[in-house]
Every structure is written in C-alpha cells, then in structure tokens.
Amino acid sequence: MSTMIKIAGLSKSFGSLEVLRSVDLEVRRGEVVCVIGPSGSGKSTLLRCVNLLEEPSAGRVEVDGVELTDPDADLDSARRHIGMVFQQFNLFSHLTVGQNLTVAQRKVLKRRGPEALEVARSNLERVGLADKIDAMPSQLSGGQQQRVAIARALAMNPHVMLFDEPTSALDPELVGDVLGVMRGLADEGMTMLVVTHEMQFAREVADRVLFMDGGGIVEQGTPAEVIGDPKQERTRTFLARVL
Ligand code: ADP
Ligand code: MG
C-alpha cells in the first residue's frame with residue numbers, strides 16, 4: 001500500500017511555546033487514523049500542518065507525493081486534494097446548501113454551473129441530504145450542517161480528508177448521523193486523519209489510533225492496543241477520564 005501522508009521531524013512553535021516536537025507520521029492510502037489526546041496536546045496544530053494552514057517551524061510534510069514544505073511547492077494545487085472539516089461547520093450563511101457546494105468547485109476547479117450542481121447533488125446524496133439542496137444553512141440542524149460541510153469537501157474530489165473534532169459542537173443526538181457518514185467514507189476507502197473524542201468510533205472505524213500528549217505521539221497502534229490495552233501511563237490517565 002502506498003503512502004498518502006508522510007510527516008518527518010515536524011515541529012511547530014508559537015513564539016516560545018513548542019506545540020509540536022519533531023513528529024513523525026505516515027498514513028497509507030485508504031488508512032483511517034484517529035488522533036486522540038488531551039486539549040492543548042497539539043492535535044489541531046498537527047492537522048493544520050498537513051495542509052500548511054500552519055507553517056511548520058521545522059520538518060517535512062508530504063501529501064500524495066507532493067512535498068508541501070518545499071518552498072517551490074504549488075500549495076493551492078496540493079490543497080485541492082486535501083479536504084478539511086472543522087468543529088465549526090463554517091458554511092456560508094447567506095448561500096443555499098447547493099451554492100455552498102458549488103462556489104469552490106466553480107472558482108477553484110473551474111467547473112461550469114451545471115456540472116458543479118450535479119457534483120453537489122451527488123455528494124449531498126452521499127451524506128443523505130439531497131433534499132436540502134435549496135435550503136439555507138440556518139434551516140438545518142447542526143448535524144445536517146456538518147454533513148453539508150463534509151459534502152462540500154467531498155465535492156472537490158479530495159484524496160485525503162482531515163477531520164478536526166467534527167462532532168464536538170453537536171448535540172449528542174446529532175452525533176450519530178455525522179459519524180455514520182464518516183464511517184461510510186472509510187468503507188469507501190477514503191484516507192482519513194480524524195481528531196476525535198468519540199472512542200467508540202475510533203474503536204470501530206480506525207485502522208490505527210495515535211495518542212498525543214505534550215506535542216508528540218506518545219503511543220500508537222490498533223484501537224485494541226491503544227484504547228483497549230494502553231501501554232503508557234499518560235494514555236491510561238487520559239482514557240480513564242474520557243471513557
Ligand atoms: P489541541 O487541538 O490538541 O487541543 P492545539 O493544536 O489546538 O491543541 O494547541 C496546542 C497548543 O498550541 C495550545 O497550547 C494552544 O494554546 C497553542 N496554540 C494553538 N494555536 C496557536 C496560535 N495560533 N497561536 C498561539 N498558540 C497557539
Ligand atoms: Mg483541537
């Protein structure tokens with residue numbers, strides 16, 4: 001299996017605060033990797049470094065064979081293939097669901113209106129919201145808005161999807177539908193890097209779980225290893241609090 005994400009010696013500091021300390025990570029094509037760990041451990045920063053939303057202080061980031069940390073890299077082009085979904089859905093509130101899905105396709109991928117709309121429709125179908133194409137975001141529940149945000153990312157034909165606590169802002173009863181959509185993507189073979197506190201999801205869907213603390217990967221392995229039988233004291237302490 002080939003490598004989709006390759007991170008080597010990745011460090012990131014904000015002023016004197018060292019947030020990532022020489023992180024090494026490889027994600028294979030089609031692999032689902034869940035990142036767990038306490039607040040402030042650097043999970044979001046790691047994810048944001050994968051598409052260079054944060055500029056690393058040191059180290060290499062390669063996605064789909066392109067080195068993004070190469071000063072000559074075409075970042076816009078590389079980012080097109082990296083979908084990202086945040087805790088806050090960041091939909092354009094003044095646009096319909098359909099328009100939310102077509103705007104970047106038209107601007108960035110130069111797809112024509114009818115084609116972009118067709119892609120929007122099929123991706124809304126994928127997340128179970130084809131009937132909401134003309135709705136405004138404010139008419140949707142938080143869970144539906146997050147599924148729209150996922151569909152919007154998918155409409156760009158990403159090679160990899162990054163999720164940063166996609167269900168953390170949702171009421172508990174809305175979490176399941178979003179996780180269901182993510183599970184479907186995993187089943188389709190999407191490469192996914194997912195920061196989550198949903199241990200049940202990590203157990204069932206992840207190929208690999210990483211536990212981060214203090215800006216580094218403290219422990220990694222299968223869900224059964226890391227969540228079921230953690231080796232490190234810090235992992236045990238964390239799990240005892242969240243499970
Ligand atoms: P996590 O996602 O695991 O909660 P983050 O990656 O968001 O952790 O943050 C790790 C640390 O980096 C925290 O101490 C946070 O306050 C700090 N941090 C994150 N982003 C910035 C920033 N843009 N400027 C300064 N400090 C930041
Ligand atoms: Mg975070």
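What you are looking at is a predicted structure, and each value in this text was computed from that prediction instead of being measured. Each ligand, and each atom within it, is numbered from 1 in the order the structure gives.
Side chains of Glu26 and Thr3: a donor on one and an acceptor on the other come within 3.5 Å. In summary, the side chains of Ser2 and Arg29 do present a donor paired with an acceptor at a separation below 3.5 Å, with no hydrogens or angles considered.
The single protein non-hydrogen atom nearest to atom 7 (O) of ligand 1 is Ser44 CB, 3.6 Å, given as residue, atom name and distance. Of the protein's heavy atoms, Gly42 N, 3.2 Å lies nearest to atom 8 (O) of ligand 1. Among protein heavy atoms, atom 9 (O) of ligand 1 sits closest to Thr45 OG1, 3.9 Å. Among protein heavy atoms, the minimum distance from atom 15 (C) of ligand 1 is reached at Leu17 CD2, 4.7 Å. Residue, atom and distance of the protein heavy atom nearest to atom 4 (O) of ligand 1 are Gly40 N, 2.7 Å. Of the protein's non-hydrogen atoms, Val19 CG2, 3.1 Å is the one closest to atom 12 (O) of ligand 1. Residue, atom and distance of the protein heavy atom nearest to atom 19 (C) of ligand 1 are Phe14 CE1, 3.5 Å.
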Enumerate donor-acceptor pairs with a distance under 3.5 Å from any side-chain N or O in residues 110-119 to protein atoms, sequence neighbours excluded.
from   : atom 1 : to     : atom 2 : distance (Å)
Lys110 : NZ     : Lys107 : O      : 2.9
Arg111 : NH1    : Gln105 : OE1    : 2.8
Arg111 : NH1    : Ala155 : O      : 2.7
Arg111 : NH2    : Asn157 : OD1    : 2.3

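Taking the charged nitrogens against the carboxylate oxygens, Lys132 and Asp134 have no contact shorter than 4.0 Å, which rules out a salt bridge.
Protein heavy atoms come within 4.0 Å of atom 2 (O) of ligand 1. Within 4.0 Å of atom 22 (C) of ligand 1, at least one protein heavy atom is present.
Not a single heavy atom of Gly37 sits less than 4.0 Å from an atom of ligand 1. Within the 4.0 Å heavy-atom cutoff, Pro38 counts among the residues contacting ligand 1.
For CZ of Arg80, the number of neighbouring non-hydrogen atoms (other residues, nucleotides, ligands) closer than 6.0 Å is greater than 12.
A donor-acceptor contact shorter than 3.5 Å links the side chain of Gln145 to the backbone of Leu140. Counting only distance, with no hydrogens or angles, the side chain of Asp164 and the backbone of Val195 share no donor-acceptor pair below 3.5 Å. A donor-acceptor pair under 3.5 Å links the side-chain atoms of Gln146 to the main chain of Phe86, judged by distance alone.
For the Mg ion (ligand 2), the set of nearby N, O or S atoms under 2.8 Å includes one belonging to Ser44.
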